[in-house]
Amino acid sequence: PQLPITILPGANPVSFAIRFSPNELGDADAFVNFSSNDPNSPVKPVPLLGTGAAPELALSVDTLDFGRVVLDSTASEQLVIRNNGTFRLLVSDLRLTGPDSTLFELLIRDLPQAIPAGDSFGVNVTFSPLEETTSAVNMIIDSDDPLNGELVLPVIGQGALPRLSV
């Protein structure tokens, strides 16, 4: 409502909207003071409390390493994406980049993926080597984490010949 406002005795209550836009994590408090012509209480302080919350993307590994994988076979590893924050995390995109990206594949659910605070979800990645060499790509994870909006995870694997047993 437009201020000042007159509230007559017996009138309906008046509601006010107050916006909380924290710029840091944690608890915050303040007061809003209502001034009136009430001689017993000309200023009425009303406490305001809020908590600044944000998502925090965390990964189960620093590098997704397939180790040695036999040529012309496929190995699978799972990456766990966690939300260690205090607010819902939105993962908007996952992609593999690099010259060896055709040897790796992301097996993911539909994106975007919303992860509640304290929760996680798994992403399966496969590696199918064609040569006896080390292959590497970067997995790019885009999210609404305010500190790690685009996270880069190295993904590596080595193609190996099968071992012969005599």
Side-chain angles (χ1 to χ4, degrees), residues 15-32 45-166:
S15 297
F16 293 88
I18 299 174
R19 183 183 314 255
F20 176 58
S21 299
N23 56 10
E24 58 187 52
L25 296 177
D27 294 335
D29 58 23
F31 286 91
V32 62
V46 176
L48 304 174
L49 303 172
T51 301
E56 181 185 337
L57 187 143
L59 303 177
S60 56
V61 294
D62 294 329
T63 300
L64 191 60
D65 188 348
F66 284 84
R68 295 172 54 85
V69 177
V70 174
L71 299 180
D72 296 319
S73 69
T74 299
S76 182
E77 292 285 338
Q78 185 177 66
L79 171 69
V80 176
I81 299 175
R82 289 189 309 271
N83 179 3
N84 289 345
T86 54
F87 191 75
R88 178 224 14 102
L89 173 71
L90 186 68
V91 176
S92 55
D93 192 28
L94 294 168
R95 62 191 178 282
L96 299 171
T97 63
D100 297 327
S101 60
T102 58
L103 303 176
F104 296 87
E105 183 180 4
L106 286 170
L107 306 173
I108 56 175
R109 297 181 247 171
D110 293 333
L111 292 175
Q113 186 70 230
I115 306 172
D119 208 351
S120 63
F121 85 101
V123 176
N124 290 316
V125 183
T126 63
F127 173 51
S128 304
L130 301 175
E131 297 177 7
E132 191 179 6
T133 185
T134 299
S135 302
V137 295
N138 285 322
M139 181 188 303
I140 311 298
I141 304 165
D142 292 327
S143 75
D144 63 351
D145 179 325
L147 300 178
N148 292 305
E150 182 178 280
L151 197 63
V152 178
L153 175 73
V155 181
I156 60 172
Q158 184 177 4
L161 292 173
R163 292 189 179 194
L164 297 176
S165 298
V166 182

**Message:** For Glu150, is there any backbone N or O sitting under 3.5 Å from a side-chain donor or acceptor partner on Asn148?
**Reply:**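 Between the backbone of Glu150 and the side chain of Asn148 there is no qualifying donor-acceptor contact (under 3.5 Å).
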**Asked** Is the side chain of Asn83 donor-acceptor paired with the backbone N or O of Ile115 at a distance under 3.5 Å, no angle test?
**Response**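 Answer holds: yes.
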**Prompt:** Angle class for the Phe127/Phe66 ring planes (parallel below 30°, perpendicular above 60°, tilted otherwise)?
**Reply:**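 Rings of Phe127 and Phe66: tilted, as their planes differ by 30° to 60°.
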**Message:** Could you check whether Glu105 pairs with Arg95 (Lys NZ or Arg NE/NH1/NH2 to Asp/Glu carboxylate O, under 4.0 Å)?
**Reply:** no
With [X], which residues qualify under side-chain contact (heavy atoms from CB on, under 4.5 Å), at least two apart?
X	value
Ala53	Thr86, Phe87
Phe20	Pro22, Ala28
Asp144	Pro55, Arg88, Leu89, Leu90

**Asked** Between Thr51 and Asp27, is any side-chain donor less than 3.5 angstrom from a side-chain acceptor?
**Response** yes
**Request:** Would you please test Leu48 and Val32 for side chain to side chain contact (heavy atoms under 4.5 Å, CB included) and show each step?
**Result:** CA-CA 7 Å; Leu48 304 174; Val32 62; 4.2 Å; yes
**Item:** Residue among Ile140, Leu153, Ile81, Leu79 satisfying side-chain contact (heavy atoms from CB on, under 4.5 Å) with Leu94
**Value:** Ile81
Are any of the side-chain heavy atoms of [X] and [Y] separated by less than 4.5 Å?
X	Y	result
Pro154	Asn138	yes
Thr134	Asp100	no
Asp142	Val91	no
Leu107	Val123	no
Val125	Met139	yes

**Asked** Which heavy atom in Ser143 sits nearest to a heavy atom in Ser92, and how many Å separate them?
**Response** N-OG, 4.2 Å
**Request:** Identify the two heavy atoms, one from Phe31 and one from Pro45, that lie closest to each other, and give their separation to 0.1 Å.
**Result:**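 Looking at all heavy atoms of both residues, the shortest contact is CD2-CB, 4.0 Å.
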**Message:** Show every salt bridge (charged side-chain N to carboxylate O under 4.0 Å, His left out) that has at least one partner inside residues 152-162, sequence neighbours left out.
**Reply:**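 Every pair satisfying salt bridge (charged side-chain N to carboxylate O under 4.0 Å, His left out) with a residue in residues 152-162: there are none.
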**Request:** Would you list the pairs meeting side chain to side chain donor-acceptor pair (under 3.5 Å) in which at least one residue belongs to residues 53-78, sequence neighbours left out?
**Result:**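 Of all non-adjacent pairs touching residues 53-78, those that pass side chain to side chain donor-acceptor pair (under 3.5 Å) are Thr74-Ser128.
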**Message:** Before you tell me yes or no, could you show the steps for Leu106 and Leu96 under side chain to side chain contact (heavy atoms under 4.5 Å, CB included), namely the whole-Å CA-CA distance, both residues' side-chain angles and the distance that decides it to 0.1 Å?
**Reply:** CA-CA 8 Å; Leu106 286 170; Leu96 299 171; 3.9 Å; yes
**Message:** I'd like to check the ring-ring contact (aromatic ring centres under 6.0 Å, His included) partners of Phe16; sequence neighbours left out, ordered by chain and number.
**Reply:** Phe34
**Prompt:** If you draw a 6.0 Å radius around CD in Glu131, do more than 12 non-hydrogen atoms from other residues or ligands fall strictly inside?
**Reply:** no
